[in-house]
Amino acid sequence: MAYGAHHSPTPPPRPDLGPARDCEHCLGWGTVVTHDGRHELCGTCQAVPDGGPPFGAAAPRHAPD
């Protein structure tokens, strides 16, 4: 019998695919799967330039101008 994915109370992270395009760590996906089986933003290509937290659900979203 096939089993589906477990439902998560939080939505998956939304990476910025521009910087992820050439990333060798996440292979262009912008996310990585942890040992616990959770999807997290790639720490290599999704970090903000000033060394702050990565883009995604935790970062504030701004509407495009």
(request) Specify the closest pair of heavy atoms between Cys45 and Pro19, including all atoms of both residues, with the distance to one decimal. (result) O-CB, 3.4 Å
(message) Working to the nearest 0.5 angstrom, can you tell me the gap between Thr31 OG1 and Arg14 CZ?
(response) 12.5 Å
(request) Heavy atoms only: give me the nearest Gln46-Gly30 pair and the separation to one decimal. (result) CG-O, 3.5 Å
(message) If you apply the rule side chain to side chain contact (heavy atoms under 4.5 Å, CB included), what do you find for His25 with Val32, and how did you get there?
(response) CA-CA 8 Å; His25 185 86; Val32 293; 3.6 Å; yes
(request) Mind checking the CG-SG spacing from Leu27 to Cys42? Nearest 0.5 Å is all I need. (result) 9.0 Å
